[in-house]
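In the text below, chain A, chain B and the rest are named by the order of the sequence lines, each starting its count at 1.
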Amino acid sequence: MIIAKTYSPKEAEEKWYSYWLQHNFFRSVPDEREPYTIVIPPPNVTGVLHMGHMLNNTIQDVLIRRARMKGKNACWVPGTDHASIATEAKVVAMLKERGINKKDLTREEFLKYAWEWKEKYGGIILEQLKKLGASCDWERTKFTMDDDMSEAVIDYFVRLHKQGLIYRGVRMVNWDPQSKTAVSDEEVNRKEVNQKLYYIKYRISQKSKVKSQKLEIGGTHDRGEQLSTLNFEPSTYLTIATTRPETIMADAAICVNPNDERYLHLHGKSVFIPLINREIPVILDDYVTMDFGTGCLKVTPAHDLNDYALGQKHNLPIIDILNDDGTLNEKAQILVGEDRFAARKKIAVLLEEAGALAKTEDYTSQIGFSERTNAVIEPKLSMQWFCKMQEMAKPALDYVLNGEVKLIPEKFINTYRHWMENVRDWNISRQLWWGQQIPAYYLPNGEYVVAKTIEEALDEAKLKTQNPQLTTADLRQEDDVLDTWFSSGLWPISVFDGVRNPDNAEINYYYPTNDLVTAPEILFFWVARMIMSGHELRGQKPFSNVYLTGIVRDKQGRKMSKQLGNSPDPIELMGKYGADGVRVGMLLCSPAGNDLMFDESYCEQGRNFANKIWNAFKLIQGWAVDESLTNTNQIAIEWFDSRFNQALAQIEDDFKQYRLSEALMATYKLVWDDYCAWYLEMVKPVYKPGAEKQSIDAETYAATINFFQNILKVLHPFMPFLTEELWHDELFGERGELDCCIVAQLPAIGEINSRLVSEIEIIQQVVTQVRNVRNAKQLSPKETLPLAVKVNSAIDYVKYQPIIKPLGNINDVSLVNEALGGAVNFIAGTDEFYIALNIEIDVAAECERLKKEQEYLLGFLKSVSAKLGNERFMANAKPDIIDNELKKKADAESKLKTVDDNLRSLAC
RNA sequence: GGGAGUUUAGCUCAGCUGGUUCAGAGCAUCUGCCUUACAAGCAGAGGGUCACUGGUUCGAACCCAGUAACUCCCACCA
């Protein structure tokens with residue numbers, strides 16, 4: 001028995017979530033039913049729930065609950081990602097706070113700390129998801145570094161290596177000096193940054209060009225001349241422009257365009273690097289843009305991707321002056337030990353003092369930042385492991401292009417295609433400890449073998465070296481670990497153990513999964529790689545649909561972030577508005593693929609909706625069946641039944657197209673407008689004072705409760721807690737232990753009496769008009785009024801009296817043949833209505849209103865007639881369009897006649 | 001620099017194959033109501049040159065071209 005005036009979510013949420021858990025409603029095991037599977041995008045194990053997760057997981061839960069209620073075997077696999085670089089960074093920071101330096105730890109010691117950290121903070125986010133109502137099969141919870149998951153990753157690596165899809169090589173990579181690891185191209189965010197362009201003078205050697213091959217670091221110093229005596233006449237120096245003056249010590253050449261007439265005199269010359277006075281050649285390449293900067297380019301092969309290529313081409317030496325942490329090393333000769341940014345400032349001063357700085361200019365350019373640490377990326381030459389992408393990308397692209405994998409919304413197909421067609425090899429090694437260690441083993445002679453275990457590696461090593469004396473002690477495993485996405489790319493397969501046991505019952509049953517719900521930001525990071533691994537390992541797509549959500553932004557359109565402090569705490573929000581309220585709030589503003597401007601008021605709307613349902617329930621609870629009463633509400637019952645089925649069809653269609661907001665809105669209107677505002681008002685018993693309960697006939701009561709129960713079902717995926725709470729009320733009779741809303745089956749779409757629905761639409765207009773008249777004439781809603789109808793249509797208003805009377809507070813509906821003079825009148829459909837009032841009618845105002853109406857109708861008729869009189873329209877338009885125009889014309893004529901009659905009767 | 005998308009009421013968005021489901025919804029606003037389920041509510045109302053300019057068509061929010069603004073993705077110009 002419910003008495004509370006408003007719904008209080010907290011209790012219901014705790015009660016029902018644990019009830020569902022206890023009764024294993026989230027559990028899924030393979031059976032004869034059709035599976036419906038979602039794998040969660042595993043959040044960072046040390047992550048905390050933010051609004052993006054809220055949106056993403058609300059959507060998944062709605063989908064999974066709906067599938068469950070459609071009789072599918074719904075399986076939502078939860079879990080977390082070890083997020084190698086992000087987590088390692090956090091652990092390093094934590095250790096630092098405790099005064100421990102990572103450098104002083106062994107790998108084993110560090111990993112021990114990392115696991116401790118993971119045990120302590122990992123999985124908080126999963127607990128938070130429970131508050132949201134997420135109906136994951138928690139027994140399946142996976143972590144990407146679980147033993148079996150890691151084993152799958154190793155298996156996959158070995159497999160790809162065997163196929164020649166993984167190789168090792170020295171390449172220019174994106175180096176994150178903060179976490180001291182390489183990161184992939186996708187993990188670099190480019191941002192526009194205000195910088196300075198430094199114009200630096202290099203003195204031209206008067207001797208002929210030195211051979212680049214002979215050039216050694218620190219060699220060929222021309223100490224003969226002192227800086228102070230240098231002559232900086234234009235003929236004796238050239239000027240280059242750079243944003244990175246601290247790298248001049250790594251310069252290997254100056255490059256000019258061979259066609260640049262300004263610099264013909266430099267051909268074959270060499271120049272001296274300022275400050276360190278090392279001599280470098282001037283080389284010619286048309287790569288250099290003549291009209292940028294000075295037209296002279298410093299070539300620094302160790303610290304720039306293009307310069308590296310240029311260096312290769314011209315056989316230049318590579319002088320790496322940076323340490324792994326971004327400080328300058330001894331090869332720089334000066335400013336050794338300084339951080340690159342500190343060095344930049346200092347060298348500018350030094351250059352200035354040496355008279356080698358011509359000028360500086362403000363300049364903006366794109367700088368790469370590490371996705372995880374936000375450190376400025378340093379291009380760095382290093383030995384890394386790579387995964388060949390081209391062969392893998394081709395089939396992965398086809399899945400999307402041929403529609404086997406649907407992207408929702410479709411606009412992402414283009415982006416996906418572009419990326420897949422231009423993908424470069426993927427750097428999969430990370431110089432970290434937290435992650436799967438690459439299963440490559442180095443032999444004493446520098447060669448390596450790749451194998452699952454060190455034992456297998458040993459066997460291979462013996463084979464390779466023809467040396468049976470080798471022992472495992474001779475092997476040294478690769479230090480690097482694999483990129484996180486290399487493991488999460490296996491997620492839909494590895495959670496079902498499909499990598500290690502490709503033919504097990506689970507993978508065969510659940511894979512391919514159905515829907516994936518994720519952010520467009522990780523379309524390449526993750527989605528593309530899952531499609532690749534799915535194809536590689538199983539020759540199958542990993543999922544059929546990818547629903548791409550937008551980014552949650554604040555009202556001002558700013559991305560929600562911790563730094564800005566503009567992100568509400570989801571847990572607090574749920575405390576304030578209830579989990580159901582927040583779920584509804586999220587969905588109300590979330591069109592697929594478009595960013596959503598989140599505002600708390602949406603949650604308020606969600607909470608109000610919950611309260612509305614709660615109160616509708618309270619109303620019904622106040623009723624008691626009186627067997628002596630007969631059913632006078634048959635029309636209302638039939639009407640709502642039809643409306644319900646209409647809405648059901650609409651909702652079904654919306655879901656098919658993944659228009660979740662629309663499905664929710666259709667549900668919202670069904671409940672609030674059709675059920676509460678109209679149906680309940682139609683059948684509501686007249687209040688009898690003193691009675692504890694209001695009497696109602698048995699049929700209406702049964703129908704009303706049945707409708708309510710069906711509404712609970714439709715609402716459940718959106719508002720699981722409230723619906724479950726109400727579901728178990730005694731109003732619905734005895735419920736078995738397992739008779740729960742969460743596993744109730746959605747009603748099938750029944751028949752729709754469309755004639756009834758459209759006639760009731762007219763009746764609703766009549767009621768609205770009556771209320772309108774009341775409002776306009778300042779009449780009390782309590783005052784009953786008589787209504788007269790002059791019927792021009794086929795509607796039987798006598799039949800609808802039981803609806804019109806209570807809703808309009810009408811005491812009598814009478815049929816008339818003539819316009820009722822002196823009465824307030826209005827038109828609904830094509831029928832005329834009159835309300836005789838005891839008050840004086842303002843004839844002049846009434847005339848004016850009618851004349852306006854007349855004018856409008858005449859204009860309307862004119863345009864319709866013009867259309868119908870147009871030969872080309874009659875020739876080209878489809879028949880049903882023409883029929884429609886004819887009907888419009890007839891209706892307008894009928895209305896016009898009514899207006900004319902009224903005008904005449906008022907003698908305007 | 002290349003590509004994609006968006007632009008409809010104060011806000012967030014629908015508008016499907018061009019035609020009365022074509023100018024819509026929810027929220028917000030305004031007016032009147034503490035009417036026995038609900039003031040987290042009820043009843044009603046007012047809000048739009050469908051970004052702009054042309055074109056196609058009997059007919060355009062919708063198709064085409066151009067313009068503008070915003071957003072996102074990709075890209076090595078120092």
- prompt: Is there a Watson-Crick or G-U wobble partner for B/C77 with both distances under 3.5 Å, and if so, which one is it?
  reply: none
task: Check salt bridge (charged side-chain N to carboxylate O under 4.0 Å, His left out) between A/K5 and all other residues, then give those that pass, not counting sequence neighbours.
output: none
Heteroatom pairs (N/O) under 3.5 angstrom, protein to nucleotides 58-61 of chain B:
from: B/C58; atom 1: OP1; to: A/R872; atom 2: NE; distance (Å): 2.8
from: B/C58; atom 1: OP1; to: A/R872; atom 2: NH1; distance (Å): 3.4
from: B/C58; atom 1: OP1; to: A/R872; atom 2: NH2; distance (Å): 2.1
from: B/C58; atom 1: OP2; to: A/R872; atom 2: NH2; distance (Å): 3.3
from: B/C58; atom 1: O2'; to: A/N870; atom 2: ND2; distance (Å): 3.1

message: Quick check against the 3.5 Å criterion: does A/T704 have a side-chain atom that pairs as donor or acceptor with the backbone of A/T700?
response: yes
field: Base partner of B/C27, which must satisfy Watson-Crick or wobble distances under 3.5 Å
entry: B/G10
task: Using the C1' atom as the reference point in each nucleotide, state the distance between B/U17 and B/C13 in Å, no decimals.
output: 23 Å
Where do N or O atoms of nucleotides 75-77 of chain B meet protein N or O atoms at under 3.5 Å, pair by pair?
from: B/C76; atom 1: O2'; to: A/N306; atom 2: ND2; distance (Å): 3.1
from: B/C76; atom 1: N1; to: A/N306; atom 2: OD1; distance (Å): 2.9
from: B/C76; atom 1: O2; to: A/N306; atom 2: OD1; distance (Å): 2.4
from: B/C76; atom 1: O2; to: A/N306; atom 2: ND2; distance (Å): 2.8
from: B/C76; atom 1: N3; to: A/N306; atom 2: OD1; distance (Å): 3.1
from: B/C77; atom 1: O2; to: A/T289; atom 2: OG1; distance (Å): 2.6

- prompt: Side-chain donor-acceptor pair under 3.5 Å between A/K805 and A/T784, yes or no?
  reply: no
C1' gap between B/A51 and B/C34, integer Å: 46 Å
message: Tell me the interatomic distance from A/K656, atom NZ, to B/C16, atom C1', rounded to whole angstroms.
response: 15 Å
- prompt: Sub-3.5 Å donor-acceptor pair from the side chain of A/N257 to the main-chain atoms of A/V288, do we have one?
  reply: yes
query: Would one find a side-chain N or O of A/K618 under 4.0 angstrom from OP1 or OP2 of B/U36?
result: no
- line: Expected label for B/G66 (glycosidic angle, syn inside 90° of 0, else anti) would be anti
Write down the protein N/O and nucleotide N/O pairs, taken from nucleotides 2-10 of chain B, whose separation is under 3.5 Å; answer none if there are no such pairs.
none

task: Calculate the interatomic distance between A/K576 atom NZ and B/A40 atom P; express it in whole Å.
output: 15 Å
task: Indicate the ring-plane relationship of A/Y679 and A/Y675, choosing parallel, tilted or perpendicular according to the 30° and 60° boundaries.
output: parallel
- request: Go ahead and name the base partner of B/A65; Watson-Crick or wobble counts if both distances stay under 3.5 Å, otherwise write none.
  value: B/U53
field: Listed nucleotide nearest any side-chain atom of A/M597, set B/C72, B/G41, B/U12
entry: B/U12
Rounded distance (Å) that lies between atom P of B/A43 and atom CD of A/E681: 7 Å
query: Expressed as a whole number of Å, how far does the P atom of B/C42 sit from that of B/G5?
result: 41 Å
- prompt: Using 4.0 Å as the upper bound for N to carboxylate O, is an ion pair formed by A/E885 and A/K867?
  reply: yes
Which pairs, protein N/O on one side and nucleotides 31-34 of chain B N/O on the other, fall under 3.5 Å?
none

message: Using OP1 and OP2 only, check whether a side-chain N or O of A/R607 sits under 4.0 Å from B/A40.
response: no
- request: Between B/A60 and B/G18, how far apart are the P atoms? Round to whole Å, please.
  value: 13 Å
field: Validation row, ring centre A/Y416 to ring centre A/F412 under 6.0 Å
entry: no
statement: If pairing means Watson-Crick or G-U wobble with both distances under 3.5 Å, then the partner of B/G41 is B/C33
query: Expressed in angstrom and rounded to an integer, what is the separation of A/I620 atom CD1 from B/C38 atom C1'?
result: 13 Å
message: Could you tell me how far B/C16 sits from B/G54 if I compare only their C1' atoms? Round to whole Å.
response: 27 Å
query: Considering all heavy atoms of both residues, which atom of A/P685 and which atom of A/S695 are nearest to each other, and what is their separation?
result: CB-O, 3.2 Å
- request: Look at A/N884 and B/G19 and indicate whether a side-chain polar atom (N or O) is within less than 4.0 Å of OP1 or OP2.
  value: no
- prompt: Where the side chain of A/R771 is defined as all heavy atoms beyond and including C-beta, which of B/A37, B/C73, B/A43 is the nearest nucleotide?
  reply: B/A43
field: Who pairs with B/U71 - Watson-Crick or G-U, where each distance is under 3.5 Å
entry: B/A4
- prompt: Which atoms form the tightest heavy-atom contact between A/E371 and A/E186, and what is the distance?
  reply: OE1-O, 4.1 Å
- prompt: When rounded to the nearest Å, what value does the distance between P atoms of B/G10 and B/U20 take?
  reply: 24 Å
message: Categorize A/K887 for me: base, sugar-phosphate, or nothing, with a 4.0 angstrom heavy-atom threshold over every strand shown.
response: nothing
query: Expressed in whole Å, how much space separates the C1' atoms belonging to B/G24 and B/A14?
result: 7 Å
task: Identify the heavy atoms of A/I347 and A/M249 that sit nearest to each other, and give their distance.
output: CD1-SD, 3.4 Å
- prompt: Is the NZ or CZ atom of A/R643 positioned over A/W672's six-membered ring, under 6.0 angstrom from the centre and within 45° of the axis?
  reply: no
query: What's the shortest heavy-atom distance between A/Y202 and A/V271, and which atoms?
result: CD2-CG2, 3.9 Å
message: How many whole angstroms separate atom NZ of A/K612 from atom P of B/A37?
response: 11 Å
- prompt: Is any side-chain nitrogen or oxygen of A/K684 closer than 4.0 Å to OP1 or OP2 of B/A37?
  reply: yes
query: Can you tell me how far P in B/U7 sits from the matching atom in B/C52, rounded to whole Å?
result: 13 Å
- prompt: Just how far, in rounded Å, is C1' of B/C72 from CZ of A/F524?
  reply: 11 Å
message: Is it the case that the side chain of A/D251 and the backbone of A/T300 share a donor-acceptor pair, with hydrogens and angles ignored and the cut-off at 3.5 Å?
response: no
query: Sub-3.5 Å donor-acceptor pair from the side chain of A/N611 to the main-chain atoms of A/R607, do we have one?
result: no
d(CG, A/N615; C1', B/C42) in whole Å: 12 Å
- request: Compare side-chain N and O positions of A/N772 against OP1 and OP2 of B/A43 and report whether any pair is under 4.0 Å apart.
  value: no
- prompt: Base, sugar-phosphate, or nothing for A/R774, non-hydrogen atoms under 4.0 angstrom?
  reply: nothing
- request: Measure up the A/F826 and A/F833 rings against each other and bin them: parallel (under 30°), tilted (30 to 60°), perpendicular (over 60°).
  value: parallel
Contacts under 3.5 Å, N or O only, protein and nucleotides 23-27 of chain B:
from: B/A25; atom 1: O2'; to: A/K669; atom 2: NZ; distance (Å): 2.9
from: B/G26; atom 1: O2'; to: A/Q605; atom 2: NE2; distance (Å): 2.4
from: B/C27; atom 1: OP1; to: A/Y668; atom 2: OH; distance (Å): 3.4

- prompt: Who is the Watson-Crick or G-U wobble partner of B/G59, with both distances under 3.5 Å?
  reply: none
field: Positive for salt bridge (charged side-chain N to carboxylate O under 4.0 Å, His left out) with A/D891, one of A/K887, A/K888, A/K889
entry: A/K887
- prompt: Rounding to a whole Å, what distance do you find between A/N257:CG and B/A78:P?
  reply: 17 Å
field: Heavy-atom pair with the smallest gap, counting every atom of A/R774 and A/N809
entry: NH2-O, 3.0 Å
message: Strictly distance-based, threshold 3.5 Å: is any side-chain N or O of A/W614 a donor or acceptor partner for the main-chain N or O of A/F609?
response: no
query: When you check the phosphate oxygens OP1 and OP2 of B/A43, does a side-chain N or O of A/T768 lie under 4.0 Å from one of them?
result: no
